[in-house]
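Below: the structure, in C-alpha cells.
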Amino acid sequence: MVISRTVNGQLSPSSNQPFIPNGTSFPNLGGASQTYSTSGGGINQTGLFFQSLGTNGRSCGSCHQPSDGMSVSALNVSLRFIQSQGLDPIFRTVDGSNCDHNIDVSTLAGRYSAYSLLRTRGLIRIALAVPANADYAVTAVNNPYACNETNVISQYRRPLPATNLPFLTTVMWDGRESSPLTGTTKILFANYPTSLQSDLAHQSLDATITHAQGDGTRPTPAEQQEIVNFEMALFTAQSFGLLTGPLNSAGGNGGPLPLPTMPFFVSINSSIHALLPNGPEQPGGLVTPGDGQFTSNIFNLYNAWSALPSYDFRASVARGQTIFNTRPITITGVAGINDDVSQGGLVSGGIASLTGTCGTCHDTPNVGNHSFPTPLNIGTGDPSATNPSVNMGQLDISYLPQITVCQLINGQPSDNCKTTSDLGQALIDGQFAHVGKIKGPILRGLSARAPYFHNGSAQTLLDVVHFYENRFGLVLSPQDELDLFNFLSVL
Ligand code: HEC
Ligand code: HEC
C-alpha cells in the first residue's frame, strides 16, 4: 500500500481524490473509520470547508480531516510534518507552534522544535483573554514555551471532530461558541436546532479569523451556511475493527450508517436533570422531556455480540459495552456535579458523592456526549489529580503550562487558589468556580483521532481507561480493562 501525499494534506490512500464516496474506509490503529454524508453521496473535498478562506493557506480541512474522523490524529500530523518538512499549512506559527514568541521556523530543525506539541499531541494553541470582570486573578503562568502572559492565556487543545454535530449540546471544549457571553446561544431543548446552527455559523467565522488569519469578510453569511450544511450532514464512526472485522456483522450495529436516524433531542437522557427536583431548564418548573428518564444503558450497538463464544473478540467488545453501561463509579470532587449540579439555572447545590457509571457523564444514547450542556472538571488538567495508591493512570501533563488563579475577595487575590493546565469555562465566564470545566466530547470514531482528552494527555484509549481507574477508584481486572478498551476502539 503506497501512502502518498494527497489533497488537503491527508495521507490515507483512500483520501487521494477530490470526492470521497460514502462507504470509503480510512485505516487507523483500531481498524478503520468511515465518515458518511447524508448530502450528495459523499464528501466533496473541493467545497468551502476545504478552501483557503483566510491568509495563511489553511482551510477547515487542515485540522478536520475525513481520514481522521474529522479531527486530526497526532500520528497523521507527524506524517504530514515529515512529508512536507514542516511546511504543510497546519504548521503555522499563529497557533500551530508551541508559542509565537521569538521562534525560528526557517530551518527544518527549528520547525521540528517549534511544532513539537502539534506533532506529538495534535495540540493547537488557543489564546484567550481573561474576562475583565473575572472573580479571580491569574497570579502565575508557568509556560514551558515562554507564552507566560497572565492577561491572555495560551491553552493547548485538540481539534474537536467536525462531525456528528447534530448531537452537540455545547460548541467548543469550553462552550465559548454556545454562550450568550460571546454573542452565541446556549443550546436548549426549546431552541434546538436553530441555536446549534447559528452557533456553528458563528464558529466558522471565528475559526477562519483565528486559525486561518482571515480578515473577517469570509466566510460570508451564505458561505457560513454552506459550511454548516456540509458539517451537519456528516456522521462518523469506526466501521471495521482490527480484531472484530466489520462492525455490522452478526447483529452488530456499529459504523456510521445508523447515526443519522438515531433519536435525539436536548436532554434526551439527562442524568444530571434526573437528580434535580424540577427540570431547571424551562420556566415554571416544567420538566424537560428526558428528565427523570435516565438509563445508564447508553450504548446498545453490540448487544447481539454477547451471545458469541467468549474467545470471539466481538464478545469482548460486548463485555466492554456492559462495563461502560453498568460498572459503578464513585464520582467525587468533580466540579459541575459534586459542588453544583445547577448549570442549567434554577436549582443550586451539589452532591458530595455520587455512585454513577460512565454514562452519568456520557449520557446521549449511542453517541456518548452529554445530552444537556454540562461542563465538568474531572481533573485531566490538574497536576495534582493523582491517586498515589494506584500505580498507573496518572496523566503526564508536564508538557503543558501550569496556571495559578486565586479567587478575588474584596478585589484582592485571596489564598483560595487553584493550579491547572487549562482554565476551561472560567476563561469564558470569569467564574472561579468554573476553573477547569469542559465538556465531555462525543465518543464515536475515537480510534481515528488519538490522543485523547482536551489536552491530548492520554496517548491511547488504554491510557483513558487507566485514568478512570486512578481518578475514580474504578476497579477493573486486566480482562475488564481489555474489554473496555476493545469496546472504545470500535465506537
Ligand atoms: C488550526 C487548526 C484548526 C482549523 C484550521 C480549524 N479548526 Fe475547528 N477546531 C480546532 C480546535 C483546536 C478546536 C477545539 C478548540 C476549543 O474547543 O477551544 C476546534 C473546534 C471545532 C468545532 C467544535 C466541535 C465541537 O464539538 O464543539 C467545529 C464545529 C469546528 N472546529 C469547525 C471548524 C471549521 C468550520 C473550520 C474552518 C472555518 C475550522 N474548524 C478550522 C482546530 C481547527
Ligand atoms: C464524572 C464524569 C465522567 C465520568 C464518570 C466519565 N467520564 Fe469520560 N469524560 C468526561 C469528561 C468531562 C471528558 C472530557 C475530559 C477532557 O477532555 O479533559 C471525558 C472524556 C472521555 C474520553 C475522551 C474522548 C476524547 O475525544 O478525547 C473518553 C474515551 C471517555 N471519557 C471515556 C469514559 C469511560 C470509558 C468512562 C467510564 C469508565 C468515563 N468516560 C466516565 C466525563 C466523565
Side-chain angles (χ1 to χ4, degrees), residues 48-49 53-54 56 58-64 70-72 89-90 92 94-96 118 122-126 128 155-165 167-168 170-178 199-201 203-212 214 218-219 223-224 227-228 230-231 320 323-324 327 329 331-332 334 336-338 354 356-362 368-370 374-381 395 422 424 436-443 445-446 449-458 461 464-465 467-469 471-472 474 476 484-485 487-488 491:
L48 275 177
F49 192 90
L53 303 176
N56 62 13
R58 280 177 173 170
S59 72
C60 311
S62 301
C63 301
H64 299 282
M70 299 308 288
S71 172
V72 275
I90 198 172
R92 292 290 180 263
V94 59
D95 60 7
L118 183 52
L123 291 173
I124 298 294
R125 189 175 64 90
I126 308 286
L128 295 169
Q155 309 284 206
Y156 297 86
R157 297 193 182 150
R158 297 277 297 125
L160 281 155
T163 184
N164 299 324
L165 297 180
F167 302 109
L168 286 192
T170 306
V171 184
M172 313 309 265
W173 289 106
D174 51 19
R176 69 182 179 282
E177 294 285 359
S178 49
D199 289 348
L200 289 172
Q203 190 278 340
S204 71
L205 183 60
D206 280 352
T208 305
I209 293 170
T210 56
H211 304 304
R218 291 189 79 186
E223 290 175 332
Q224 293 169 26
I227 290 174
V228 174
F230 167 80
E231 297 175 314
I323 292 170
F324 189 98
R327 192 64 62 93
I329 297 182
I331 302 171
T332 54
V334 173
I337 294 181
N338 304 117
L354 173 70
T357 56
C358 299
T360 304
C361 309
H362 296 285
N369 60 319
H370 218 290
T374 313
L376 300 173
N377 181 353
I378 60 168
T380 47
L395 297 173
D422 196 312
K437 282 191 182 181
I438 52 163
K439 74 162 173 177
I442 284 170
L443 299 183
L446 289 166
R449 55 176 161 98
Y452 305 101
F453 294 137
H454 70 281
N455 54 16
S457 54
L461 289 168
V464 171
V465 171
F467 166 78
Y468 283 107
E469 291 178 84
R471 168 63 179 80
F472 293 101
L474 179 67
L476 298 176
L484 188 53
F485 168 78
F487 167 66
L488 294 171
L491 285 175

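As the structure lists them, so they are numbered: ligands from 1, and atoms in each ligand from 1. Just so it is clear, the values below take in all heavy atoms, side chains as well, and ignore hydrogens, waters and symmetry mates. Just so you know, these numbers come straight off a predicted model, no measurement behind them.
- Ligand 2 lies nowhere less than 4.0 angstrom from a heavy atom belonging to R327.
- When heavy-atom distances to ligand 1 are checked against a 4.0 Å cut-off, L168 comes that close only through its side chain, counted from C-beta outward.
- Residue-ligand proximity, I227 to ligand 1, at heavy-atom distances under 4.0 Å covers atoms 35 (C).
- An N or O contact shorter than 3.5 Å is missing between C60 and ligand 1 by distance.
- Residue contact annotation: R158 has no non-hydrogen atom under 4.0 Å from ligand 2.
- With ligand atoms numbered from 1 in the order given, ligand 2 contributes 16 (C), 18 (O) to contacts under 4.0 Å with heavy atoms of T380.
- G356 does not count as a contact of ligand 2, since none of its heavy atoms falls under 4.0 Å from the ligand.
- Counting heavy atoms under 4.0 Å from ligand 1, residue A207 touches it through the side chain alone.
- Taking every non-hydrogen atom of K439 and a distance limit under 4.0 Å, the qualifying atoms of ligand 2 come out as 14 (C).
- Polar contact check, H362 against ligand 2: a nitrogen or oxygen pair lies under 3.5 Å apart.
- Under the 4.0 angstrom criterion for non-hydrogen atoms, N377 is not in contact with ligand 2.
- Taking a cut-off of under 4.0 Å to the non-hydrogen atoms of W173, the atoms of ligand 2 that pass are 17 (O).
- At least one heavy atom of S204 sits less than 4.0 Å from an atom of ligand 1.
- Within the 4.0 Å heavy-atom criterion, the part of H211 lying near ligand 1 is the side chain and not the backbone.
- Atoms of ligand 1 found under 4.0 Å from any heavy atom of V171, numbered from 1 in the order shown, are 27 (O).
- Contact annotation for R176 and ligand 1: only side-chain heavy atoms (C-beta onward) come within less than 4.0 Å of the ligand.
- Within the 4.0 Å heavy-atom shell around ligand 1 one does not find E177.
- Every atom of ligand 2 with a heavy atom of R449 under 4.0 Å away is listed here by number and element: 25 (C), 26 (O).
- Neither the backbone nor the side chain of R92 has a heavy atom within less than 4.0 Å of ligand 1.
- At least one heavy atom of T170 sits closer than 4.0 Å to an atom of ligand 1.
- Looking at S59 against ligand 1, only its backbone comes within 4.0 Å, counting heavy atoms.
- Taking distance alone, with nitrogen or oxygen atoms compared against 3.5 Å, E231 stays at or beyond that limit from ligand 1.
- Taking any N or O of T208, backbone or side chain, none lies under 3.5 Å from an N or O belonging to ligand 1.
- Heavy atoms of I378 come nearer than 4.0 angstrom to ligand 2 in at least one pair.
- Within ligand 2, the atoms closer than 4.0 Å to a non-hydrogen atom of F324 are 34 (C), 35 (C), numbered from 1 in the order shown.
- No side-chain N or O of N369 forms a donor-acceptor pair with one of H362 less than 3.5 Å apart.
- Taking 2.8 Å as the threshold, H64 counts as a candidate ligand of atom 8 (Fe) of ligand 1, since one of its N, O or S atoms lies below it.
- For ligand 2 and T357, the ligand atoms under 4.0 Å from any heavy atom of the residue are 5 (C).
- Residue-ligand proximity, L474 to ligand 2, at heavy-atom distances under 4.0 Å covers atoms 38 (C).
- For atom 13 (C) of ligand 2, the choice among G440, A450, A458, C361 with the nearest heavy atom turns out to be G440.
- Taking every heavy atom of Y452 and a limit of under 4.0 angstrom, the matching atoms of ligand 2 come to 27 (O).
- Contact annotation: for C358 versus ligand 2, heavy atoms closer than 4.0 Å belong to both the backbone and the side chain.
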